[in-house]
Number of protein chains: 2
Amino acid sequence: MSEIAPQSPITPSVAPEADPRSLATRQRLLETAGEHFGERGFAGATIREICKQADANIAAVHYHFGDKAGLYAATLAHAREQSGPRVMGATPGEMTWQQLSALPPAVRLREFLLAMLRRVLDKGKPHWHTQLWLHEMVNPTRELDNVVDSSIRPQWEGLRAIVRELTGLPDDDERVWLSTCSIVAQVLLYKHGSAVMARLYAGSPAQAFSPDRPLHEHELRLLAEHICSFSLGGLARLRADRQDAEPVTETTSTPTDPSTQQSKEHPC
Amino acid sequence: MSEIAPQSPITPSVAPEADPRSLATRQRLLETAGEHFGERGFAGATIREICKQADANIAAVHYHFGDKAGLYAATLAHAREQSGPRVMGATPGEMTWQQLSALPPAVRLREFLLAMLRRVLDKGKPHWHTQLWLHEMVNPTRELDNVVDSSIRPQWEGLRAIVRELTGLPDDDERVWLSTCSIVAQVLLYKHGSAVMARLYAGSPAQAFSPDRPLHEHELRLLAEHICSFSLGGLARLRADRQDAEPVTETTSTPTDPSTQQSKEHPC
DNA sequence: GCCCGTTTGAAACGTACGATTCAAACGCGT
DNA sequence: ACGCGTTTGAATCGTACGTTTCAAACGGGC
């Protein structure tokens with residue numbers, strides 16, 4: 001009586017074709033799972049909680065998705081396809097990729113950063129797709145490869161193209177990679193280090209940017225502005241010293257003096 | 001028979017004064033716990049594993065530290081005191097804070113970054129103190145306040161002082177905070193996003209900097225060099241536009257495209 | 001040498017969670 | 001209306017943990 005394989009197809013994988021509340025349940029599970037996984041990550045979320053909030057039974061998860069990992073994979077796929085067309089957070093109020101590509105790269109960088117900041121810092125439902133791979137970033141699961149290829153890399157390439165334009169460096173220059181990295185890092189810290197930054201910022205002049213509570217639109221813009229400006233400066237310097245592995249030079253030597261030196265040795 | 005308080009003092013907190021193997025066990029537990037917590041974080045580590053590797057009994061943990069949280073707190077305190085004197089990873093081969101303070105700020109920035117990179121990227125025992133609060137950063141526990149105040153903030157202030165010197169901005173300028181943030185972010189991404197970066201970097205010109213395996217000394221230096229250079233550029237730009245909230249300006253105008261148009265409609 | 005607080009060892013308990021089972025309910029084709 | 005594959009509900013199992021218990025072992029002070 002204790003056969004291994006029960007009787008169910010375990011993972012239909014494709015929608016089981018026109019069922020009254022089956023699809024509804026499946027859908028509800030995906031939505032709810034998205035929220036939970038987005039908030040707490042794969043390990044942190046429990047299928048019990050998800051099922052309770054989705055008004056579904058635990059058995060439904062196993063029927064539709066096989067197991068927790070299957071639900072997670074399906075949730076990622078679901079999030080992927082329903083936010084597929086948008087690029088870099090082109091939520092309703094924002095620009096499309098088409099519009100952006102007409103603008104100068106420096107402006108595009110700022111828009112990119114603003115959109116990314118919005119999605120990264122916004123807690124809650126609208127952007128749980130982003131929240132999902134932010135968790136995947138810190139606590140990778142077996143789904144990471146998919147997430148990187150289908151969600152992260154496109155945006156990475158978008159930013160890298162901007163960096164390439166801004167620096168004029170060839171595509172295969174490693175500094176383009178490193179700089180792209182430097183830029184996204186500035187955004188991501190506010191997510192991955194929010195608890196620490198909140199405490200460091202507490203009571204400081206930068207208090208308004210403390211990332212523990214939702215940032216207001218105004219602060220979000222200022223933050224994007226700072227990161228954009230800082231990054232443009234970094235990229236400008238990148239163009240300056242073309243020779244590789246050159247140690248720290250005399251740029252910005254004297255500290256508190258207001259002299260106008262900002263870049264002396266720029267050949268271009 | 002089921003009294004609440006057993007009979008033990010639960011948390012001696014101070015060393016129980018000259019005991020043959022008691023101190024030894026306590027010490028062994030602290031060391032092993034440090035490694036485990038550093039590798040997997042508080043939630044990821046199990047006291048069973050720790051005890052097994054430390055050749056101690058689970059009851060010993062309860063006796064010496066009360067519970068898992070107590071062991072964790074003690075581990076943090078232990079790590080703190082035994083790496084207290086050093087500042088920003090002044091491991092044997094590196095400079096002391098004293099020596100550094102004599103150098104120009106740009107050089108100090110580079111040394112700071114190199115030391116930080118070393119500690120952040122180095123997996124394994126020597127730097128599990130740093131690894132410990134890197135975990136605390138992403139998955140905060142009740143100990144976070146202590147960690148921030150006693151471990152993170154001193155180094156933050158050190159870096160902030162360098163930024164202040166490099167920009168000449170007053171102490172209470174929020175841009176100093178934001179820029180300090182931008183700098184540490186570049187280092188931390190290689191830790192918190194290592195899995196993703198490894199995949200993005202795979203097969204790219206920046207392949208050598210893929211943070212999934214230990215970086216060689218040479219790559220570590222190049223990485224520090226890049227972050228330093230990029231950051232100096234960002235800081236230099238910060239000095240340039242003194243007026244606040246100024247939108248993207250003409251610096252590093254579009255290279256591959258000759259048009260000089262930039263921000264048009266930005267009231268921000 | 002004996003008493004008593006301290007420390008250790010081995011086992012058990014309680015809980016949270018994912019996975020499993022199985023029968024009942026449902027819906028569709030005939 | 002009937003039978004059969006599909007879906008759901010409720011209960012149960014197995015495992016991994018942290019925690020607790022309690023008696024045995026230890027060691028210094030009388």
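The basis for the numbers below is simple: all heavy atoms, side chains too, and nothing from hydrogens, waters or symmetry mates. Just so we're on the same page: letters track the sequence lines, and every chain starts at 1.
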Base, sugar-phosphate, or nothing: which does A:I47 touch, judged by heavy atoms less than 4.0 Å apart?
sugar-phosphate
Rounding to an integer number of Å, can you tell me how far B:F42 CZ sits from D:dC17 C1'?
12 Å
Looking at A:H64, I'd like to know whether one of its side-chain N or O atoms comes within less than 4.0 Å of OP1 or OP2 on D:dT6.
no
Whole angstrom value for the distance that separates P of D:dA24 from CG of B:N57
16 Å
Of the options A:F65, A:F42, A:W133, which is the one that meets A:Y72 in a ring-ring contact (aromatic ring centres under 6.0 Å, His included)?
A:F42
If you compare all heavy atoms of A:A185 against all heavy atoms of B:Q186, which two are closest, and at what distance to 0.1 Å?
CB-CA, 3.8 Å
What is the distance, to the nearest angstrom, from the NZ atom on B:K68 to the C1' atom on C:dA16?
14 Å
Phosphate OP1/OP2 of D:dT20 contacted by B:H62 side-chain N/O (<4.0 Å):
yes
What's B:A43 touching, base or sugar-phosphate or nothing? Going by heavy atoms closer than 4.0 Å.
nothing
Separation of B:F65 atom CZ from D:dT19 atom C1', in whole Å?
16 Å
A:Y72 OH - C:dG18 P separation (whole Å):
14 Å
Could you give the CZ-to-P distance, from A:R48 to D:dA10, as a whole number of Å?
14 Å
For the pair A:R153 and A:D149, find out whether any cationic side-chain nitrogen is under 4.0 Å from an anionic carboxylate oxygen.
yes
For B:K52 and D:dG18, give me the distance from atom NZ to atom P, rounded to whole Å.
13 Å
Can you confirm if the aromatic rings of B:F209 and B:Y201 lie within a centre distance of less than 6.0 Å?
no
A:I58 CD1 - C:dT20 C1' separation (whole Å):
11 Å
Counting just side-chain N and O atoms, does B:T46 come under 4.0 Å of either OP1 or OP2 of D:dA16?
no
